[in-house]
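Report on one structure; see the data block that follows.
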Amino acid sequence: MGKTFLTKLPAAIAVATVLVASAASADDLRLGLITPPSHIWTKAAEDFGADLAEASDGAHTVTVFPAQQLGSEAEMMQQLQTGALDMAFLTVAEVSNRVPDFGAFYAPYLANDISHAGRILQSDLAARMLEDLPAKAGVVGIGYGMAGLRQIVSKGDVKSAADLKGKKLRITPFKPILDFYNLLGAAPTPMPLPAVYDALANGQVNAIDMDAELIWKLKYYEQADTVVVSNHMMFPMVGLVSAKVWKGMSEEDRATIAELMKKRLDEVVATYVVKDQEWLDEVRGTETAFIDVGPEFFGDVPAEWDKIWTEQSSVLGEMRDAAAASAE
């Protein structure tokens, strides 16, 4: 990016050339996501926009639309496919609705801890999976971010998985997590993030599947009796560009956008590796009861999930192998 100033030509011609080039290349790109303005993903999107504006001398700017201002993730994915939206930071959950192989990232207990989750997202397999997105989903995958590992926040005491049976439990609307809680015997209830606090407060749901950051920052623990620290799934995010928009960009613009967005996505991963435990510790300091559990808490559910998703995702076995190879 950047402008070429023709210093050896007469000043008037040079100015005219710069103005024409600016008019042709100046572009305000729109980036959508579901997280609130204070969220780490949103801040990373804003930082990426500032980086791009600086790198392009203002020729390219990014306007960030947080908190579902442009619609749900499914709606934003459709906008990306048509070129109506330029970019988005979406959960891999939404991508898996279009490309089922990505459901393998949600294999129960794929990651041993939050650091391990970050290494899985930096694996050769994870990078290779992004190559399928233009043909299969109409988007270009730049790289991965993530949120923290998943926990369960519940009204009522929880001593065993049996205490979650029949509970209306809020989930992100996608099949891998739906299958997990159906196998558990809960009543998984898809619900957008902005509605969760009130739904938990008024009894519309009895429990939620959530990461430590939002349990703490959005005070979900205030409406709960038990936090089950299970770390049962990782929760990746992916930075996307509309394939139609990407096709119209110069090679130089593509390289710059890819480099700058990937840098901020990598920072998101690094931030969660440090902060996820800190947020859990904050919640532990409240009066909400805690139980710490491992895979045995869920009985046969993880193995049954794998049986279902071996047929859904052709890379699940390879994903388990990649996770094992990056474990410490």
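Annotation: Phe298 is in aromatic contact with Phe180 [ring centroid separation under 6.0 Å]. The distance between the ring centers of Phe297 and His232 does not fall below 6.0 angstrom.
Residue-environment remark: CG (Asp300) stays at or below the threshold of 12 foreign heavy atoms within 6.0 Å. Surrounding NZ of Lys165 are more than 12 heavy atoms belonging to other residues, nucleotides or ligands, all under 6.0 Å away. More than 12 heavy-atom neighbours from other residues, nucleotides or ligands sit within 6.0 angstrom of CD on Glu296.
Of the possible donor and acceptor atoms, none in the side chain of Thr256 sits under 3.5 Å from a partner among the backbone N and O of Asp253. In this structure, Glu75 contributes its side chain and Ser72 its backbone to a donor-acceptor pair below 3.5 Å. Side-chain atoms of Trp41 never come within 3.5 Å of backbone atoms of Leu265 as a donor-acceptor pair (strictly under, hydrogens ignored). For the pair Ser313 (side chain) and Trp309 (backbone), a donor-acceptor distance under 3.5 Å is absent. Counting only distance, with no hydrogens or angles, the side chain of Thr288 and the backbone of Tyr221 share a donor-acceptor pair below 3.5 Å. The backbone N or O of His39 sits nowhere less than 3.5 Å from a side-chain atom of Thr35 that would complete a donor-acceptor pair.
Pairs passing the side-chain hydrogen bond (donor to acceptor under 3.5 Å, both in side chains) check and including a residue from residues 102-115, sequence neighbours excluded, do not occur.
Remark: Arg150 is positioned above the aromatic ring of Phe235, its terminal NZ or CZ atom under 6.0 angstrom from the ring centre and at most 45 degrees off the axis.
His116 pairs by the ring pair (Phe, Tyr, Trp, His ring centres under 6.0 Å) definition with nothing, not counting sequence neighbours.
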